[in-house]
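Below, read A as the first sequence line, B as the second, and so on, with proteins coming before strands; counting in each chain starts at 1.
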Amino acid sequence: MSDLQAQLEEAGNMITVPASWGTFDEFHAKLALLRKHDPVHLVNAPDHYPFWLLTKNADIFEIEAKSNIFLNEPRPILANVEADDHTRNNGNMLRTLIHMDEPDHAEYRKVAADWFLPKNLARLDARMSELAKQSVDKMSDLGGKCDFSRDIALQYPLQVILAILGLPETDYQRMLMLTQEMFGNADPDLQRGTTIEDLTQVINDFFIYFSELSASRKSTPTHDLASTIANGEVYDKPLGDVEMISYYIITATAGHDTTSAAIAGGMLSLLQNPDQLKRLQDDMSLLPTAVDEMIRWVSPVTHFMRTATEDYTIRNTTIKAGESVLLSYPSGNRDEDTFTDPFKFDVGRTPNRHLAFGFGIHYCLGAMLARMEMRTFFNELIPRIKTMELAGDYAHIHTTFVGGLKRLPVTYSLK
Amino acid sequence: MKVVVDFDLCASTGGCARICPEVFEVRTDGYLYVLQDNPDDELRDKVVEAAENCPTGAITIED
């Protein structure tokens, strides 16, 4: 095997190793190597069933647009052989929108879709601004020094999504812990444990919590997303138990962890690029493009997978029916053929054809909410920054799925 | 072919503009603009693909 082949093999295998996300720059260097030399790369990694790793922006776009050929089921997210076998033998523990294909997907998506439309999100504006102001006030109260990731970025999006769901503030910390245990289950600092039983226990805890919630919202509906889900109907029938609980879990978890990651990672990028922070401070009209650049830069969701229902050829490589592809969003979002200077963090980037929210029918339901949350938060914070600097080592979580920072120590002086 | 966008549903995801830039454009103000309400039939396949891939189902085609 040549040196290059060995390097490509190592780069492909990296996708299956949770610690590699934590090496952020090295992770991206290896993805760049794959984009250049083997953009449709077969990964035969230890302890994993084989899959094709797709690293080009245009290819990810093409596959997502062919949702009639490339299905989410039965392998929507990367798992090891043991977990894939467990799912095959016992079914999925959850059945969320990302586990569904048409026609079910469209039918279930409709249940909550209205909540995430721009016209309805606009009604949240005042509450969101208040939460953003509270977050920045909290930074002031912490006295010029905090762990921005843990103290601020993890808290604010959770407050927003749980306010939409209609959960009491007393439940916030419990929800935060469960989410971190679920998505951080590959990180030694966040996990409850590493086995399927440990993850099952986390999901069971969610089930217990949300079963009580849905029972209460069925008997006494309130004007919140939790009531919409509890009383939701598909094909003119009430949601099944598994689908209902899954709906709560996907909303509560995907609704905050990803946005937290983008806020913390965006903040880090601004601190690492003080010229871009200054540019934004001098011209806050750049905020919308700055937020999308943060989302591109961080790409919190590291992948989804699709499985082919028929042979399909892409870049002269045939994906056979039954084979799976992994869509690497962090890679597609630094594709040299799509972006000018992809490794430059540019708060004014236009156009910005990132795929961080996916594309097509599975496009992130909460994308508008996420953008609005980030704009509202940075609109509050950025003008109040007198000085702000990194204050020690930051750390990315270990994951193969939703990535972010688990530690971001900063010092600052705010107005 | 007549292209109709329900702007109450449109979330400006920009997918349609990437598939069929001749007809759809998302501008820096964050809104979708329909550049041609009655595009030529040669664009039909692309407009149909854009409509099928719209995550909020905001695009319909009236013949």
- Task: Side chain from CB out, backbone as N, CA, C, O: work out which of these in Leu369(A) comes under 4.5 Å of a heavy atom of chain B, or both, or neither.
- Result: neither
- Lys66(A) side, atom NZ; Asn53(B) side, atom CG - distance, nearest 0.5 Å: 8.0 Å
- Heavy-atom check, side chain of Thr13(B) versus side chain of Phe357(A), under 4.5 Å: no
- CZ of Arg109(A) to OG1 of Thr56(B): how many Å apart, nearest 0.5 Å? 8.0 Å
- Message: I need the minimum non-hydrogen distance between Glu49(B) and Ala65(A), along with the two atoms involved.
- Response: OE2-CB, 3.9 Å
- Query: For the residue pair Ala11(B) and Pro118(A), what are the closest heavy atoms and their distance?
  - Reply: CA-CG, 4.0 Å
- Item | Flag if over 12 foreign heavy atoms under 6.0 Å of CZ, Phe7(B) | yes
- Message: Which atoms of Ile361(A) are under 4.5 Å from chain B, going by heavy atoms: the side chain, the backbone, both sets, or neither?
- Response: both
- Where do Leu117(A) and Asp8(B) land on the side-chain contact (heavy atoms from CB on, under 4.5 Å) test, with the steps shown first? CA-CA 8 Å; Leu117(A) 289 175; Asp8(B) 273 350; over 6 Å; no
- Query: Side chain, backbone, both or neither: which part of Ala113(A) has an atom under 4.5 Å from a heavy atom of chain B?
  - Reply: neither
- Item | NZ or CZ of Arg18(B) within 45° of Phe61(A) ring axis and under 6.0 Å | yes
- Find the distance between NZ (Lys119(A)) and SG (Cys10(B)) and round it off to the nearest 0.5 Å. 12.0 Å
